[in-house]
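What follows is a single structure, written as structure tokens, with notes after it.
This one's a predicted model, so the numbers in the text were calculated from it and none came from an experiment. Scope of the values below: all heavy atoms of this structure, side chains included, with no hydrogens, waters or symmetry mates.
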Amino acid sequence: MSMIMSLGLLLLCYTGTGQEPMKAEAVRVTYRQVVNGQEGRRGGGIELLAGREISETRGGRQGQPGAVRTAEEKEILDHRNKMAYQMASLADPAHGASGVTAPATHPKEAQRNGVTRFHIRTPFSDFPGLTLTGEKETILGYSCEKATTTLRSNSIEIWFTRDLPFRGTPQMAYGIPDGLVLKIVRNQNFALVADTLRFVGKNEAPVLPDQKGEEVDQALYRHKITESLITTVEIFRDEQISWGNAIQNPAGEEVNATYKYAGGTVILRKVILPEAAPGDQIFAELLQYSNGDAYDRTGTVFMIPAGKKRSFLDALRNGVEKIPFFTARNGKNYQGMTATGDYLPPVELMRFFTPFGVRHFNEQVKVYGQVWEEAAWYKQEVTDLQPLLRGEVWIGVFIGNYDKGGHKVSLSLKYYPGAPVPREARPNEEPQAWVMPLFNTLNIMEMAGQNYGTLFDTDSLTVEFEVPEGVKNLKLRYLTTGHGGWGGGDEFNQKENRIFIDGQLVVRYTPWRTDCGHWRKYNPASGNFWNGVTSSDYSRSGWCPGSATDPLFVPLENLSPGRHILKVAIPQGAPEGGSFSAWCVSGLLTGEF
């Protein structure tokens with residue numbers, strides 16, 4: 001008698017309604033996570049609504065508050081017809097977020113009331129097969145059977161009950177048993193365990209929707225979901241960077257209009273960038289291919305800092321003599337390369353190097369066993385530059401070349417959401433990022449009279465700066481690549497870079513890339529030598545044709561507030577005949593308030 005009473009109390013605790021299990025039309029099940037024996041997040045928000053023939057699962061990302069646009073996702077199992085559906089509803093940009101590029105056009109029947117719907121349809125037979133072990137376990141008062149399977153080298157246990165007339169699972173990807181799943185264990189260290197059951201009536205029972213939207217495959221479905229979370233700002237699309245063609249720039253300062261400078265080797269655009277939330281990540285993505293130029297060229301994606309009396313924009317519009325310069329010991333003037341009281345140099349978001357003639361020369365050069373790529377693609381994180389990437393910003397791309405066809409580029413900034421926590425729920429005292437541009441010797445206006453970074457033959461690069469009170473976690477973000485010369489030039493010889501602050505050595509670094517052969521498939525026009533090595537394979541001073549160069553981050557945690565002097569010293573090689581060596585170095589400070 002006492003056992004019957006105990007079981008009745010247990011069932012009452014977990015049902016939470018007056019519905020009797022056999023008279024109910026469905027059951028709601030919530031799950032908790034157990035990770036390495038410890039309670040995890042409460043099931044990630046997973047809830048299963050299981051009926052007699054139809055079940056519906058909603059995941060933990062519904063209405064994700066940290067994202068601008070979020071898909072509503074659910075999984076529906078049709079046990080009668082042995083068919084599984086993954087369904088998503090996505091608010092279109094015009095009816096939800098701003099600043100996100102629109103998805104590809106969908107059939108009209110998939111779009112209703114500003115919502116795009118799409119789905120995947122998968123027969124039960126396509127899911128992993130299950131093997132019953134004969135083991136039993138009681139979960140929430142119900143006898144459960146154990147089934148096992150594997151998925152992508154993961155061992156899976158599924159515990160399900162047939163005591164109830166309902167069927168469903170919170171994770172259909174692991175396999176679909178003929179019963180109600182109350183526990184799933186992956187690799188013996190991660191478990192999803194039923195936490196509560198509540199029986200419901202017909203008005204809450206799951207149904208198979210009539211409007212499922214466009215049917216897509218798994219890859220496209222996941223792509224749409226992922227892209228819905230990302231804010232994409234397109235800056236350039238298939239823009240030409242070349243030399244010697246007629247230029248007609250728009251008047252004034254138009255937003256989202258392309259301006260060309262330095263003979264067409266620089267393209268520039270004023271864009272309006274969103275405010276990144278704490279925890280978000282920002283990436284720059286660049287696509288480039290040859291439109292006639294066969295050579296490897298230095299390129300940079302840059303932004304022009306504002307807030308000073310003079311800017312690099314003045315030089316682009318009116319000539320390099322409009323910005324500050326310094327005279328090195330070799331007697332040459334170096335324009336716009338270091339920060340002064342009324343000027344900040346351009347900031348590099350990404351330094352890249354074009355391959356030898358990708359796409360344009362693919363059909364002209366044949367190498368046995370080699371299939372050429374159609375374009376070079378570069379992607380780098382620029383989250384640390386976030387203080388410079390908001391509101392109205394001038395962003396440009398430079399590729400040094402002398403060709404009327406030149407190159408074509410497309411550029412975007414992508415903002416990936418961080419933790420799904422509403423902005424109003426985040427701590428008030430989150431650190432604020434801080435950036436101070438210091439120097440940049442990459443001569444973006446090469447074709448308009450700006451000198452190469454050749455000062456290191458007789459001098460060091462020197463810049464004064466001031467660290468404000470309260471800045472923490474200081475770092476120097478340093479980019480460096482060596483160029484020029486042939487056998488004896490700095491492009492093909494290792495040269496140590498030394499950086500001093502207030503006379504004290506803070507870092508010694510030799511930029512050198514030995515992986516250039518990896519990018520061979522992007523370099524159809526690269527010269528081939530007698531011994532089988534191609535020019536693009538050669539190791540170089542911090543760069544390879546067809547790749548981007550990573551910054552070096554130098555911790556400066558002990559740097560005190562106040563004024564300081566930074567110097568960069570490089571043993572630059574002497575000229576060889578008509579060829580000379582030069583160094584493109586850029587640096588800025590990052591920190592937090």
Note to self: Both conditions, 6.0 Å and 45 degrees, for the charged tip of K472 above the ring of F593: are they met here?
What the structure shows: no
Side chain to side chain contact (heavy atoms under 4.5 Å, CB included) filter on N249, not counting sequence neighbours, yields I247, Y259, K260, Y261
Quick one: list whatever passes side chain to side chain contact (heavy atoms under 4.5 Å, CB included) with L220, sequence neighbours left out.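 Applying side chain to side chain contact (heavy atoms under 4.5 Å, CB included) to L220 gives V216, D217, H223, K224.
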Problem - Sub-4.5 Å side-chain heavy-atom contact between R477 and L385 - result: yes
Self-check item: Non-hydrogen side-chain atoms of V207 and I54 separated by less than 4.5 Å
Solution: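 They are not in contact (no side-chain heavy atoms under 4.5 Å apart), so the answer is no.
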Do [Y] and [X] meet the salt-bridge criterion of a basic N to acidic O distance under 4.0 Å?
X    : Y    : result
E39  : R32  : yes
E215 : R121 : yes
E374 : R359 : yes
E204 : R198 : yes
K270 : E392 : yes
E72  : K74  : no
E75  : R58  : no

Exercise. Classify the side-chain pair N401/D293 by whether it contains a donor and acceptor separated by less than 3.5 Å.
Key: no
Applying ring-ring contact (aromatic ring centres under 6.0 Å, His included), name anything that partners [X], two or more places apart in sequence or on another chain.
X    : result
F283 : Y416
Y221 : F118
F352 : Y378
H119 : none

inquiry  = Suppose we screen for side chain to side chain donor-acceptor pair (under 3.5 Å). Which residues come up paired with T122, at least two apart in sequence or across chains?
reply    =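 Here no residue qualifies.
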Taking every heavy atom of P346 against every heavy atom of N440, the minimum-distance pair comes out as O-ND2, 3.0 Å
Under the rule for salt bridge (charged side-chain N to carboxylate O under 4.0 Å, His left out), what residues qualify as partners of [X], not counting sequence neighbours?
X    : value
E254 : none
E285 : K379, K414
E53  : R167
K82  : none

What donor-acceptor contacts under 3.5 angstrom involve side-chain atoms of residues 545-555, with partners at least two apart or in another chain?
from : atom 1 : to   : atom 2 : distance (Å)
S547 : OG     : R513 : NH2    : 3.2
S547 : OG     : C544 : O      : 3.0
T549 : OG1    : G542 : O      : 2.8
D550 : OD1    : Q380 : NE2    : 3.0

